[in-house]
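Here is the structure we will look at, set down as structure tokens.
So you know, we letter chains A, B, ... as the sequences are listed, proteins then strands, and number each from 1. Computed from a predicted model, the values in this text were never measured in an experiment.
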There are 2 protein chains.
Amino acid sequence: MPAVTLQDVAARAGVSQATASRVLNGSTRIPGEGVADRVRTAARELGYVPNAQAQALARASTGLLGLIVHDIADPYFSSIVRGVQAASRTARKQVLLASTDRDFDIERESVSTFIAHRADAIVLAGSRQSGHLDREIEGEFGRYRANGGRVVVIGQPLAFGSAVEPENHFASAELADALVASGHTEFAVIGGPASIRTSVDRRNGFVEALGRRGLTPLVEVSGNFTRDGGHSAAQRLAAALQLTPDHGRKPPCVFAVTDVMAIGAIAAWREMGLIVPRDVCIAGFDDIPTLRDHTPSLTTVALPLEEIGMRAVALALRLDADDLRERVPGDVILRDSTRLS
Amino acid sequence: MPAVTLQDVAARAGVSQATASRVLNGSTRIPGEGVADRVRTAARELGYVPNAQAQALARASTGLLGLIVHDIADPYFSSIVRGVQAASRTARKQVLLASTDRDFDIERESVSTFIAHRADAIVLAGSRQSGHLDREIEGEFGRYRANGGRVVVIGQPLAFGSAVEPENHFASAELADALVASGHTEFAVIGGPASIRTSVDRRNGFVEALGRRGLTPLVEVSGNFTRDGGHSAAQRLAAALQLTPDHGRKPPCVFAVTDVMAIGAIAAWREMGLIVPRDVCIAGFDDIPTLRDHTPSLTTVALPLEEIGMRAVALALRLDADDLRERVPGDVILRDSTRLS
DNA sequence: CTGAAAGCGCTTACAG
DNA sequence: CTGAAAGCGCTTACAG
């Protein structure tokens with residue numbers, strides 16, 4: 001029981017397929033109203049739904065936007081995806097989603113599949129190893145771009161394509177300054193993977209700003225860009241600093257390079273009986289929506305996550321322009337987690 | 001600069017297009033090794049990427065799975081999407097995602113677009129008004145199914161299609177029993193929209209179980225299925241119950257029909273100076289991952305969200321079977337938010 | 001095993 | 001304004 005085809009509609013309306021196509025799938029060449037009405041009526045009566053695959057083949061544009069994230073269940077990514085969704089809808093693009101679980105093979109596979117599906121653009125969210133992809137995937141992207149495909153990265157720019165780039169370094173420095181201004185004098189850092197630039201930029205921005213004031217972190221530990229990565233890093237950090245419940249000293253101020261890690265850290269400390277901000281203070285980065293109802297409220301650098309997703313789509317749709325870079329500033333927000341009593 | 005085509009590959013390998021197709025896009029009919037090698041080499045050298053749109057047209061299966069959720073940034077949905085992603089990947093299906101923002105027009109639009117893209121199956125997550133769609137969308141689904149499309153709902157079943165159905169009523173009753181067993185005697189309910197069955201089932205399951213013990217809620221309020229919906233409902237509830245900080249009486253136990261609402265409620269109460277579980281107790285439903293790091297820890301009914309997503313995909317892929325229903329039990333988990341001192 | 005050819009459902013110059 | 005026809009890039013009976 002095959003679907004109703006344009007041909008069916010044309011036949012019922014007593015016109016050619018070309019005419020039916022013109023009235024139904026809007027071109028500038030508008031047939032006479034009488035004809036147009038007949039076609040529309042026939043389409044409605046038959047329940048005609050255009051075959052997007054066939055249209056894509058005939059046109060050479062699929063209306064598909066490929067979106068790759070590390071983990072759709074991570075609030076950082078799901079917020080971005082929300083923005084991408086909103087912008088795609090208004091642009092009448094459909095989004096093809098891949099959540100890679102931070103597996104590079106899966107990411108490569110997803111890119112291939114998206115290219116096979118001839119997505120008009122591919123958006124890569126989430127930073128990757130030192131700003132470059134492997135040879136193979138880079139070759140694929142090269143051909144893809146040569147054939148008119150657009151690629152947009154959220155995070156640090158690749159050697160090609162457009163990018164929406166949060167000002168990680170600068171904002172982290174501002175955070176450090178704000179923390180110092182609020183009275184903190186002892187710091188520590190929970191960093192992410194050394195190979196990931198977002199992680200390195202945030203860490204460096206923070207540490208360098210401290211340096212300018214003659215300060216240096218007491219200790220630095222690192223973990224994966226996940227809640228559990230922050231959790232285990234926080235345990236090591238507590239040991240290194242010999243933090244004990246109610247130690248009475250001034251609490252050290254820890255900078256975790258993502259909110260998700262900061263939340264994991266707080267959980268780890270709570271399990272140890274350590275209270276934030278009494279025994280240890282902490283700040284994160286991103287301002288994921290989850291933070292809104294987290295206790296204690298978390299000091300962080302707010303990034304307009306949804307807007308970042310929307311801007312990525314805007315870049316993906318700019319066929320006129322070449323590769324562009326858009327910088328996104330972060331907003332330092334001081335909350336309870338770094339409050340000195 | 002058009003992309004490399006199968007024809008190009010065939011030419012370079014000195015074989016027919018048919019042969020190239022057979023070796024590259026696996027059929028049972030395997031050409032001789034010599035030929036096959038030549039084709040594969042040519043494809044590699046040219047950087048051939050099959051055009052999935054053309055394949056879809058020629059085959060009559062797109063390998064696309066349409067997924068519709070209310071809000072991708074809501075942890076309930078993003079967890080489900082994670083499961084859908086995982087299962088789709090192993091099944092080598094691509095996911096077309098739509099986040100409707102709970103807007104019915106957008107949902108209808110998304111269904112149409114997915115059908116236009118000839119998705120092999122469409123998964124609808126998130127309950128909708130009283131278990132039926134409007135006429136128009138139902139007609140579209142009818143034709144879609146007649147043409148071989150599968151539809152799967154997560155939540156209450158529609159009049160057609162398969163469904164993954166959490167045992168809302170039963171699990172809510174179990175929750176009520178557990179709460180009573182733990183010493184609670186006064187209850188209240190924060191419900192969702194009256195038109196949504198998931199909401200009604202959970203509320204009824206809970207209230208009926210109380211009834212069996214001769215108990216009845218002191219008050220019921222309701223709000224949207226969102227954090228803010230829970231937030232405002234909680235304010236009304238606190239007023240109705242005249243809750244004040246440290247009132248010293250036994251805290252009433254509130255059942256919010258979703259975790260997201262419960263979290264909003266706790267936030268509202270905190271703003272009023274009310275402490276959970278000292279002044280008021282609360283339980284939710286779903287066990288969203290966010291709960292893990294929430295304070296106080298929230299009593300809830302755990303649903304295997306990711307697994308639900310995976311099972312929906314499994315149902316979507318069962319071309320053999322007719323419409324199926326799978327029930328998913330919930331697990332009552334008592335935590336601090338309902339702890340009686 | 002291999003190839004010529006038709007067909008999948010559209011769009012779009014090109015004529016009229 | 002309207003139509004006949006070619007073409008988009010594949011797959012798959014049907015012959016050989």
Legend entry - The single option from A:I154, A:V152, A:L158 passing side-chain contact (heavy atoms from CB on, under 4.5 Å) against A:L124: A:L158
Inset, instruction - Determine which nucleotide pairs with D:dA4, using a 3.5 Å limit on both distances of a Watson-Crick or G-U wobble pair. - result: none
Legend entry - A:R89 bridged to B:D103 by N-O distance under 4.0 Å: no
Legend entry - A:S16 side-chain proximity, nearest of D:dG9, C:dA4, D:dG3: D:dG3
Inset, instruction - Quote, to the nearest angstrom, the P distance that separates D:dA6 from D:dT2. - result: 23 Å
Inset, instruction - Between C:dT11, C:dC8, C:dG3, spot the one nearest the side chain of B:A18, thanks. - result: C:dG3
Legend entry - D:dG3 phosphate, OP1 or OP2, under 4.0 Å from A:T19 side-chain N/O: yes
Legend entry - Candidate nucleotides D:dG9, C:dC10, D:dT12, ranked by approach to the side chain of A:L57 - the nearest: D:dG9
Inset, instruction - Please name the pair of heavy atoms, one in B:Q53 and one in A:L64, separated by the smallest distance, quoted to 0.1 Å. - result: NE2-CD2, 3.7 Å
Legend entry - Exercise: identify the closest heavy-atom pair between A:R327 and A:R311: O-NH2, 3.7 Å
Inset, instruction - Round to the nearest Å and state the distance from A:Y48 atom OH to C:dG9 atom P. - result: 10 Å
Inset, instruction - Between C:dT2, D:dA4, D:dG9, spot the one nearest the side chain of B:R22, thanks. - result: C:dT2
Legend entry - Separation of atom CD in A:Q55 from atom P in D:dG7, rounded to whole Å: 21 Å
Inset, instruction - Could you pull out the closest heavy-atom pair between B:I196 and B:F225, with the gap in Å? - result: CG2-CE2, 4.0 Å
Inset, instruction - May I have the distance from A:N147 (atom CG) to D:dG9 (atom C1'), rounded to whole angstrom? - result: 13 Å
Inset, instruction - Taking atom C1' in both C:dG16 and C:dT12, compute the distance separating them and give it to the nearest angstrom. - result: 16 Å
Inset, instruction - Give a yes/no answer on whether the side chain of B:T5 brings an N or O atom under 4.0 Å of OP1 or OP2 in D:dC8. - result: no
Legend entry - Between C1' of D:dG3 and CG of A:L6, the distance in whole Å: 14 Å
Legend entry - Base-pairing mate for D:dA13 - Watson-Crick or G-U, with both contacts under 3.5 Å: none
Legend entry - A:F77 and A:H70 aromatic ring geometry - parallel, tilted or perpendicular at 30°/60° bounds: perpendicular
Legend entry - Closest to the B:Q17 side chain, choosing from C:dT12, D:dC10, C:dC10: D:dC10
Inset, instruction - In whole angstrom, give the distance that lies between atom CD of B:Q7 and atom P of D:dG7. - result: 13 Å
Inset, instruction - In whole angstrom, give the distance that lies between atom CG of A:D8 and atom C1' of C:dC10. - result: 13 Å
Inset, instruction - Could you measure between the two P atoms, the one in D:dA5 and the one in D:dC1, and give it in whole Å? - result: 23 Å
Legend entry - Under-4.0 Å side-chain N/O to phosphate OP1/OP2 contact, B:S21 with D:dT11: yes
Inset, instruction - Find the distance A:Q53:CD to C:dT11:P and express it as a whole number of Å. - result: 13 Å
Inset, instruction - Write down the distance between CG (B:N51) and P (C:dG9), rounded to a whole number of angstrom. - result: 16 Å
